[in-house]
Each structure stands twice: as structure tokens, then as C-alpha cells.
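Just so it is clear: chains get the letters A, B, ... in the order the sequence lines come, proteins before strands, and each one is counted from 1.
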Amino acid sequence: MAVTVKTFASVGEAAGALSSDRSARYLGGGTLVMRALNEGDVSISTIVRAQDQALTRIDASGPRITLGAGVTFARVLAERDLAFLHTPAQSIGGPAVRNMGTVGGNLFAPNPYGDFTVALLALDATVAVQGGFGTRDIALEEFLQSRERQSGALVLSVSCTRPASAEAFRYRKIARIKPKGGSVITLAAHLPISGGRIAGARIALGSMAPTQIRARAAERALEGRSLDTATIAAAASAAVEGTSPSDNALGSAWYRREIVGVHLRRLLSGQE
Amino acid sequence: MLELRKDIFADERDDNLKEIGKGTQRQDMLGHITGTSSYFNDHKLQGMLHLKVLRSTHAHAKLRRIDTTDAERSAGVRRIIRGADVPRNLNTLLSLINFGKDDEPSLAVDKVRYKGEPILAIVADSEREAFEAIAKVRVDYEPLPTVFDVEDALKLGAPVVNETYPKNAFIYHDVYDHQRLRFGDADAALATADHVLEQRYQMSPIEHAPTETNGAIAAPDTNGRYVVYTSTQALFFSVDTCAKILDVPSNTFHFIGGTVGGGFGGKVDTLTEPLAILGAMLTGRPVRYVFGREEEMQYGPPRGAERIYIKDGVMRDGRIVARKIRAYFDSGAYTRLSSYAAVKCAAHLPGPYTIPNVYGDVYCVFTNRTPATAMRGFGVTAMDFAIECQMDKLANLVGMDPMEFRILNAYRDGDMKAHRREAKNTALIECVQVAAEKAKWPIRDEFKRASSRKDGGGSRAVIPATPTDSRGRPAAPAQQRTTYDRAPVTATREPPREPPPSTPPPPPPRPAAPSHGATRFSSVFGTRRR
Amino acid sequence: MTRHRGRGMASINYPIGMNLGGDPSQALVHSNPSGKFTVALSSIDLGQGMKSVTRQICAETLGVPVEDVYVDTADSDTGPHCMGSFASRGTHRVGNAVMAAAREARGVMMEAAAEELEVNAADLETDGRGNIHVKGAPHRSISTKDVAIAAQFKQGKTISGRGIFLVPLSDVDPETGEMSPATCYAHACLVAEVEVDDETGEVAMVRMDSAYELGRALNPRLVEQQLVGGAWMGVSHALYETPEPYYPDPAHGPRDFVEYLMPGPGDVCPHDIAVLERPAPDGPFGAKGPGEMCANPVLPAVANAIFNAVGVRIDELPITPEKVLRAIKAQGGARPQARR
Amino acid sequence: MSKIPLQFRHNGRDVAIFVDGGTNLLVALRELIGDLTPKFGCGQGGCGTCSVLIDGELHLSCLTLAETVAGRSVETLDGMKQGPNLHPLQRAFADHFAAQCGYCTPGMLMAAKALLDRNPAPSRADVVEAISGNICRCTGYEPIINAILAAAGGRASA
């Protein structure tokens, strides 16, 4: 049985088609769904597409920015107002993957992929999901925890905080291969400063758990303090707390635990 | 950046040549840069079908039952191929040159020995339909105990991976479970050495990772022949292997290789051609069988892992007096080419150095993993890693510069090598000198003056007294006298459960007619030459 | 300081071809009536340059320009038997077979030319530009094209040749391992410089310097391709590659090029190469074969450089950051050795 | 099952084919159009051998649903030559011996073209980034990087 492709003009119709067919997958950039088809995943027999303009909209005007789920990494990189997201976007794939892969698709990419989502998680992102009965916003952290059950849902957009300054947001992907490689671990830190003190620290980690997670102990070590050597050291040593990394082809759980603090320290202190 | 050092060994060369030595453009470059070089898959054939195999999900299991009822009814399915459909469902690659016993089925019949082993093949109108049908096959496995470590595999009571070799080791010369090298008295020399260093080295398997995966397209041709477009690195190896497995004369096939998208040793094993041709024979249509990338990475054969133990004796002045090596090649579940890798490795000992006492035992061991094969540097890469790390440690131990330590111990023209042949045409010393110069690594004048052409031979040319092993040895027949002249048509269709009886003495070297189409590559095998 | 530099070296030799079944290869060479030659092989070009190097060998032996030779490979109907492309045997074994075939074809060509010029064939020589002339008398000359026409349409001669190269099999003594595994050996020595991060165990290549001895560089550009690409593969084997990252535990095998690690274009380091040529007595124009050995010295040189940088010995490949980090921790920190 | 009609521009020429549902662009180009220059290397997006330009942007044809290129322009290596003349990138690849087995070459050239079309004077880092999605197993990348830099510099020689 060949695959059926269903293309809709609106996200509502697409969402309906998705939720009514367990063998249906939404086709974003193709890097997940087309790969699965190429590799003989016969659980997919329907591809759903939507040509809704809303999916490719970028709203970068306010303190919270919104990216349509269909926005590609190349488009993020082309947008001057999104400079704070350029490093994470640039860390995805090679140029072809960045021209294809989308912000929405990245939310579903399993380890060792999904690096952009690490950045979003540190920026307090929310995900707008179109269900059978309309749209709802879900905190990204909550979305990720229920990701396995979200395959019937259609992501419309992602919103996140715009950091107050370039200094306030840092991102680093640790890969074995340069300049493009799968993540050993990925780190993002949002450190808003208020009156010289960090207020609302967010540290997010990739490849340190089954999904992208927040490093809450490290956040606590930073909260309310100035970003000095002692604070950084405290955050670095707390980085591993609450993580549950696995072994995979790129590194072992042991190694990830060993280096997460080192890399967090380097990230926060601006070292290479 | 590449520099030709024409000044070195100039007296041994005639450089008055017209075409040789020029950086002439590659004959295939224009094809490559315009995308017109033709690879096996660049052939579009009318009505082509697609073949996919069902692979074992267990590393070691009995196949209790294979139910293809639903798969047969699946849309687009033209043919399901089982082990019983393969005319001679047991082969080993080097049987073409009389080396080793047939030990590997094209499609597993009663048992799988590694995860990913092909169990059956499905030929369908499209790849998608082949995948869909494969998903509908039900296999009832009875898992068996597995063994993944080479030394565990050789222990008494280890699970038997491959019944053809019930002790999990390839048998050399019908006698030993390893290839040996004996030169001088290593134990005695170790006892008198100033320092003894024993170390363990381990090399992981390595995947060839050519950008083009393994594959073949087979199509019925005129006159009952089949044209086969293939990625093979060894065209006649593949032709004759297919002739043997499919039990037809070798001129049934017209193999066309074209350009190969990288091989590195990973396209020697004739993995896809036999099933593609059989599919074409059974359906009368062109059939394509191409590995996906995950198949290539996990179930295409890798360079096998090796574990190596080295024990060296070195004197305070830096001379190595003894080297004792035990090495294990992880062959995976079947022999493929690891059997020969061990022989090549034994001949390579003790590396490019003149050491008066050398002792080596090299094992080819079966484990429940993807069968290993050749790769660039075959049989040598891992041993060089081990030997050269060891050399660095020895230099450190005696407080010598590692470059000078290499030059001191380097083999030179006229020296006797451990495999009992005179070293000739050597150039290790000059390589060390030039590399040191390039890297601005200072070495002392006496080492700069050393030469591969000086100070060899003499006492270094002697074959030392070599003690025989204490245990009596049976009269060893000449190597690999197991004949490849396969017993006429009592073809084994599945792996034997019992080890086959010991081989009879070799028949006359040239039977009147071969019983099959495959060419015997070596009718002179066993001719002793020193 | 967390990053340490170190240098290490290794030297190796490598046997050319294999000792199995005599390791034979055949070649056929023939001319068309325009004096253009075809080499027919069943041998395979998988990127190493088989077509190109045998083309040059054939042209040199025939005494014609390389443009007048075309090499056809990989066809079992038209190409005679060859063991295959492996064991660094192509240049040496196939090259020798092509040389033998070209020599035979040259013999016929010179006889045909001699008949046209009414001289003794032994008095003729080729100029490498498509002409055959009397030694010492370049004006008494005939083009290979005219020779080919005469041979085909007047003299009834086939300007063609057959060649085979075979090293008779050497039996292996079961007790001592006595054998002749190869007839010639290539050599190499390589220095690797690395930088090791003692907090993460990451190893970065800084540079390589090497000397490779390979009999003769029949085509230096092709040799360079092998040595540059081969050394890259050596780095890859040393630091990255494995289909079983937890060997002998078979779990977590990579499935794609993200999980199967090989150095990327951003991991490439400068590599300065010297090529030495000590001709092998039985090599075509002395050539051995650069293809297989080029990666081999890199692996131990990198391992030895890591020791020089941080004082740890990693004896298991690949040398992953995890292995380096574990060793540094077990040692109680990096211990840089004397700078080289 | 019904086939889906699909029209697009292929190397400057309008083409019309019928594809099965789910067919990727690589299969459409190779098996339906007959353009064999893009190669199958992995089907996973990891090797870049199937790289093509879609409306001037580098894409992986194996991960592109064929029908999404309807009405768009697809460029492959088959369209790179300018008449009988090689593109400067092709000449530079030849001059630098930047191909061995040749299998990655079509994808490399498309990735390089995507770079130079936008950035005619790239740095080495730009070149490295531009080919970072393309695997080469033979060359060690160095000759490829040098070839692209040379083509950009207008000196397509070694």
C-alpha cells in the first residue's frame, strides 16, 4: 500500500486529519518523517501537510517572540531580530538540513537531535498546539514530558522570551565532529540580570535525560547571585543533579555526567 | 603538501621516464565532476523489482518457525525466498582458493548466529511493498546463550557459535586453532632481558562507511544469462561465488562493475549479488538489492576487532631481544576473510624490526556478531597500533628517543625476518630520518647516518635455533589441503549440526571437470616454495 | 591550563599483495586501427585510481602518449581474471600484468613498424609522442597510427598483448610460520601533534608530518590523494570510528552518519608529506602500493602523542574522550611529558 | 492507487511526471526523470550525496517529498555545466584532484555552488561550514576545501 499524502489549506483541517488516523504523521521539513519512510517504517501510511501561512510566520517584535512551527533554521538565521537564536540554529545539521528542518519538527527530534529545543527550553518557551477542539498553549517542559503522546497533535508555533541582552543568553553544543556533529551534550543558559543579580535563571540541557531538561539545581545555585567565579563553580557542580543521561553511540552516561559541569562552567565564564 | 625526495635512493632508480612520475589527470575525473561516472545503481531497468531481507533480531537463536502466510498475501509481493530456495546454501568466500570450510548460509535455516543475519528475502514491486511484507513475517525464535568476547569464546563450555568450528576458532593446517610463528627462543631471551614489558591492546571493529552502500542489480539477459551490475571490489570473486551458491556455470553471468563508490574492503564479501540474481531467476524480472545505511553500518561486515597481548624483552642499550605476541581476531559469526587476516598478521610479526627471538600465536575466533571482513590495512592495522604503542613505551622504559629507538631496532637489508625470509629493499630507517627532519624532531648524528643498506646481514641473517613445542604434534598436512573440489551435488543445504569428519587426503589436483561453474582460483595450492 | 600539546611518532612497513592462491591478475591490451590502445581489465576502480595508474603504465611501456590509451575495467565478459581490488595489490599486481601485456603489444607494434620502415625492429625506438623511428635517425619515422593501419589492413597483425602476473603461492609452515607473505614492502614514519583537553578528554589534531616510501610514485597526484585521505582515515580510526562503541558489548551501535563518527572538514589538520622511492625489484617501474598502509602509522602516532601531552596510555581504540578522561582521572591529573 | 501529477523546472527545463504517494525527490529525479547525478548515500539526511538546489537553496532530495517541489526550480549537477563548458567549480575540483571514488562529488559540488551563489568570496571557515553536511570517505576533505576556495578566487588551479 503506497503512502497517501493529504495536503490542507488550514491547520485546523490538518489537525483533524492527524488526530483521526493513527498511521498519519505531519510532514514538516522532512528530516524525521521522510527518513522514517526511507528506512521502511511501515507504521506511517498517511502524510499530512498544511499550507497555512500561519505556520511560517515569525513575530519578533515584542519581548516574547513567536516562531511558526514551519519556520526553518535557515529563516531563523536570516532574521536579524532573532540574533540570539542564531548560534542554536547554526548548530543544527549542515546547510541543507537547516534549509529544511523546522522549529516545530525539532520539538519531536529524539536524542542525539533536538538541540534548538534546548535553547527554547532555557527561554521559557511555550508551544501552541492545535488539537481536535482548538488551540492551546503548553509550557515546553510539559510538552516534552508528554511528547510521546503528542504525535496526533499539530504544533502551530513556539513562543519564547527574548533575552534582554546578548550576554544574558548563552548556548553551546558539544559535538565530537566539527563543524557539524551530533550532540554529546547541549547546554543553554538564560541569565536575566536585575540590579546586578541573576533573576529567573534558566539552564537547559540536551542529551542529559530522555528529553531536553532543565538543570534546576544549577538554576538555584545561580538565582539571586552575581555571575562570579564562586557562583559559576557552584552552578557547575550542581549541573549534574537531577539528570539521567544514557549511553549512546556518541558518549556514555558516565562521560556526560563528568563533563556537564565542566562545560557549564566554561559556558558561564565565557571560556572556549 | 607533498614533496618527492628524489635525492634518496636515486642510485637505485632510472628516472628517465615519459609518462611514469607525472601527475596526469585521472581518467575518471571528468566523469566524477559531471556526475556521469556510472555506479552499479545508475541503471534503470524496465519492470525492476526490489529485494529486501528480513534480518534476525537475535544474536543467537534457533529458528523454531517462520510464518510467511500474511507476507505472501501482502500487496506487490512477487516472491519470498527462503534458505531452501538457495541451491547451495552454504559457502565460505575463500573456498575459491581452498582455504577454510563452507560455514555460512545465504539465508539462515535452522539457526541465526548474529543479530541482523538474513533469514529470508522478499521480492516486491516496490521497496515500500517489500518493507510492508517483511513486517508481516512472523519468526518464532528460541534464544540461545551468546558469546561476544573472543577470549570467553575460546573457553571450555562457551556457546558454540558456528558448528563448522565447534571450538569457536578457525582451524589452521588441520591441526592448530591458531596460526603460529616461531623464531628463536623468546622465553629464554625474556629471562635474560634487562626489562620485560607485557601489555594488552584492543582495537574496536571499524565500519568501512563507503558513501555508496553495497548493492547489486541482476537482470535476465539474452541467451539465458544474467547481467549483474554490482558494487563489488572483486569481480571474479563475486562471479565465482555466485556460480557456486547458485550452482550454475560461471559464464551464466555477465558482471559489470563500473565505478565503485568507495570500498575500503567492505565490498569484497559478495553480499547482495547471490540473492539479487536468485530473485531475477525466480521472477524472470530485474531485481535490485541495495543496503540501506543502517544495514550497511550494522550488518555489512566491518573490519574485525582484534585483541593483542605483547610481551617484550629489551636491554638497557635499547636492543629488543624478544617479542612474544598473542592476538585474537574477532571474526564474528562466520569466517569470511578473518582466517587469512590471521596468517597475514603472523607474517607481519614482529613489525619492521630485527628481533632475534619472536613468538606469535594468532587466533581467528567466532563470536555472535556481524561477520568481519577485510579492510584497508587488513591484518596489520591493529597490530601496528599495538607494536608501535609498545615501541613508544619501550623507548620510554630505556630512556631513549623514540625515533632513535626505531632506527636502532629497524630491519635492514640482509637481515633475517621472523618468517624466515631475508629482508630486502628496506627503507624504514630513511622514513624515520625524513619524518624527523620534516617535523624538526632532533635526532643524533649517528642515527642520521644510519642506513637501511648498511650494517644488516651477518649475524643478523641467521635463523636462530628454535625450540619445538613440548607437546608432540601430529603430522601436519600442508596448509589448506582441504579440497575445494566440492563433493558432487550432495550439496549441504544447511549448516551441518556436527563437525564434519576430518578431511581425506587431497585428491589429484586436476579433476577432469569441475562439478560446478566456479573457477578454482588455485589449482596449484599446496605447492611448496621456499 | 587545561589543554596540553604533545607529539608522538610511529613507523611501519606494509606487505604488498596477498599470499593466497598466487594472487594473480591478467590484462589484455589491444590497438584499434588508429593506433589508440585499450586496456581490458576486470579489476575494479573504487576511487584509488586503478584506471589512471594502469593507463600510465601502459603508455610508458608501449611508448605512446597517455592520451592514446584508455583503460576499461570491471567487466567479466571483456576483462580477464583479476583477484580484485584489495591488499594494496592493484598497482603492483595489475600494474605488472598491464606492463606484460603492453610489452607484448609493443613487440608486435615494433615488428609492424620495422616492416613498414624496412629495418630491424631492434633498431627502432618510440618517442613517446606517437611516433616510432630508427635509433639515431629521427627522420626515419612512422606514426603509431600508420603502423596500426598497416598492421590491420596490410600485414594482418594484431597489435595486442596478454599479460598475467602471478607470485607462486608460498605455503605456510604450520609450526614456524615460515612463508613468503609478500615480495615487497612499503614503509612509513609519521609524527602527529595533538592537543588534549584534560577536563574533557577531547583530543584535537594539530598537525602531521610524514615520510612514506612506496617504491615509485607512478603518479604523484594520485599518491597524494591516497596519503592525504589515508592519513585522515588513520585519524578517524584513532579517535572516532566504531560500529560497536562499547565493544565487546554490542549495544548502542550507530545507525547513521551522525552516530558513526568520522572527522569532519573542520577537524582536518595540516599534513606535510615526503615521498621516498626505493624501487621494488618486481614492481612496475619499481612501484609498491600506497593505498593501504597510509592510515596505519597514524593510529599509534596519535596514541603516543596523547601520552606525550598528558601522560596517559590509551591502549584501546578508538581513543575516545571518555577513555582519555578516565585515564587522566585515574592518574590524578594530566602529567605532560618532556616536550618534543 | 492513483499517481500524483507533478510539474517542476529541472535544470531550467519544465518536466512533468507522475509519482506515487510518499515518493521522495531523489527517486523522482533518478528513476522518473532519469537524472542520475544525485546519489543515494543514506536516505537519512546524513551524507549529502543527494544534495540538490531547490529555488537556489541546498536541499537533501532524499528527505524531500517529491510533490513539494511542484512549480519550483530544481537544480542538480546535471545542470551545472554551461553548455559544453565546465563550471569553475568543476574545473577546480579536477585541478585539485578533489575526487577519488566520485560518489560524494555531485553533492559536494551542489553544496559548493549553493555557497558561492550567495557568497562569492568565502573564507575557509565558510567553505568548511558549507560542506559540513556532506560526507567524503576518500579525500580527507582538504582537496575539496582547496578546490572550492580556488574556484571562488577565480584561480581554478592547484
Side-chain angles (χ1 to χ4, degrees), chain B residues 1-5 8-9 13 18-20 23 26-27 97 148-149 173 181-182 201-207 233-237 239 254-257 260 263 294 298 302 346-347 352 376-377 381 384-385 388-389 392 406 419-420 427-428 431-432 434-435 438-439 476 479 521-522 528-529, chain C residues 10-13 20-21 42 44 46 51-52 55-56 59-60 66 74-77 81 84-86 128 168 170-172 174 176-179 181 187 189 191 209 211 213 218 220-221 224 241-244 247-248 253 255 272-276 278-279 285 292 296 299-300 303-304 315-317:
Chain B
M1 202 163 37
L2 183 134
E3 173 198 18
L4 288 172
R5 290 294 301 267
I8 303 170
F9 300 121
R13 289 192 316 269
K18 294 195 166 66
E19 298 295 346
I20 294 299
R26 297 174 64 105
Q27 184 182 295
I97 38 185
F148 290 104
D149 183 278
H173 316 285
L181 185 83
R182 301 286 184 270
Y201 300 90
Q202 176 74 55
M203 182 176 214
S204 153
I206 291 178
E207 152 64 16
Q233 279 180 246
L235 203 74
F236 273 98
F237 243 106
V239 168
H254 180 190
F255 270 47
I256 300 173
V260 175
E294 185 175 348
Q298 286 297 313
R376 194 180 204 174
T381 303
D384 277 349
F385 171 73
E388 290 301 303
C389 288
D392 205 60
R406 297 313 196 287
H419 57 83
R420 297 167 190 247
L428 191 78
C431 283
V432 175
V434 171
K438 270 203 125 41
Q479 187 194 1
F521 280 177
S522 172
R528 217 167 180 80
R529 188 180 66 88
Chain C
S11 58
I12 58 122
N13 68 345
L20 270 180
S42 69
I44 307 286
L46 31 94
K51 291 171 191 166
S52 310
R55 187 184 187 204
Q56 279 172 270
E60 182 76 47
V66 77
D75 189 313
S76 67
D77 274 10
H81 178 266
S85 293
F86 42 73
S170 161
D171 220 0
V172 181
T176 62
E178 176 174 0
M179 66 178 118
H187 301 88
C189 178
V191 179
D209 289 282
E213 186 281 316
L218 298 178
R221 301 300 300 271
E224 185 174 20
E241 292 185 44
T242 173
E244 296 187 50
Y247 180 89
R255 298 156 297 183
D272 219 350
I273 302 168
V275 165
L276 281 61
R278 186 175 192 193
F285 302 99
E292 298 219 14
N296 292 353
L299 287 68
N304 296 338
D315 295 333
E316 297 199 11
L317 292 169

Query - Contact leader toward chain C among B/L181, B/D392, B/D149, where contacts are heavy-atom pairs under 4.5 Å - result: B/D392
Query raised in the report: Relative to chain C, which of B/R26, B/E294, B/Q298 shows the most heavy atom pairs under 4.5 Å?
Result: B/R26
Requested in this report: Walk me through it: do C/E316 and B/S204 pass the test side-chain contact (heavy atoms from CB on, under 4.5 Å)?
Outcome: CA-CA 7 Å; C/E316 297 199 11; B/S204 153; over 6 Å; no
Report summary line: Taken to the nearest 0.5 Å, the spacing of C/N304 CG from B/E388 CD works out to 7.5 Å
Query - Main-chain N/O of B/Q27 paired with C/S52 side-chain donor or acceptor, under 3.5 Å - result: yes
Requested in this report: Mind running side-chain contact (heavy atoms from CB on, under 4.5 Å) on C/L218 and B/E19 for me, showing each step along the way?
Outcome: CA-CA 8 Å; C/L218 298 178; B/E19 298 295 346; over 6 Å; no
Query - Stepwise side-chain contact (heavy atoms from CB on, under 4.5 Å) test for B/F148 and C/E244 - result: CA-CA 11 Å; B/F148 290 104; C/E244 296 187 50; 5.7 Å; no
Query raised in the report: At what distance, to the nearest 0.5 angstrom, does CZ of B/F385 lie from CD1 of C/I12?
Result: 14.5 Å
Report summary line: One option among B/G263, B/G377, B/A346, B/A435 has the most heavy-atom pairs under 4.5 Å with chain C, and it is B/G377
Requested in this report: Determine the minimum heavy-atom distance between B/G23 and C/P220, stating which atoms define it.
Outcome: N-CD, 3.9 Å
Requested in this report: Just give me the residue among C/V191, C/T176, C/V275 that pairs up with chain B most often, heavy atom to heavy atom, under 4.5 Å.
Outcome: C/T176
Query raised in the report: Does B/Q233 use its side chain to pair, donor to acceptor, with the backbone of C/S85 at less than 3.5 Å?
Result: yes
Requested in this report: Sort C/R55 into side chain, backbone, both or neither according to what part of it lies under 4.5 angstrom from a heavy atom of chain B.
Outcome: side chain
Query raised in the report: How many angstroms lie between atom OG of C/S11 and atom CG of B/L428, to the nearest 0.5 angstrom?
Result: 4.0 Å
**Report entry** Heavy-atom contact with chain C under 4.5 Å, split by part of B/R406
**Finding:** side chain
Query raised in the report: What distance separates C/I273 CD1 from B/R5 CZ, expressed to the nearest 0.5 Å?
Result: 14.5 Å
Requested in this report: Count the heavy-atom pairs under 4.5 Å between each of C/E292, C/E60, C/R255 and chain B, then report the option with the highest count.
Outcome: C/E60
Query raised in the report: Atom CD in C/E178, atom CZ in B/R182: separation rounded to 0.5 Å?
Result: 14.5 Å
Query raised in the report: Side chain, backbone, both or neither: which part of B/P302 has a heavy atom under 4.5 Å from chain C?
Result: side chain
Query raised in the report: Is the backbone of B/I206 close enough, under 3.5 Å, to the side chain of C/E241 for a donor and an acceptor to pair up by distance?
Result: no
Report task. Work out which heavy atom in C/P300 is nearest to a heavy atom in B/D384; give both atom names and the distance. Result -> CG-O, 3.8 Å
Query raised in the report: When rounded to the nearest 0.5 angstrom, what distance separates CD in C/E224 from CG in B/L4?
Result: 9.5 Å
Query raised in the report: Hey, are the side chains of C/D75 and B/H254 touching, using non-hydrogen atoms and a 4.5 Å cut-off?
Result: yes
Report task. Take B/M203 and C/L299 through the side-chain contact (heavy atoms from CB on, under 4.5 Å) test and state the conclusion after the steps. Result -> CA-CA 10 Å; B/M203 182 176 214; C/L299 287 68; 3.6 Å; yes
Query - Parallel, tilted or perpendicular: rings of C/F86 and B/F237 (30°, 60°) - result: perpendicular
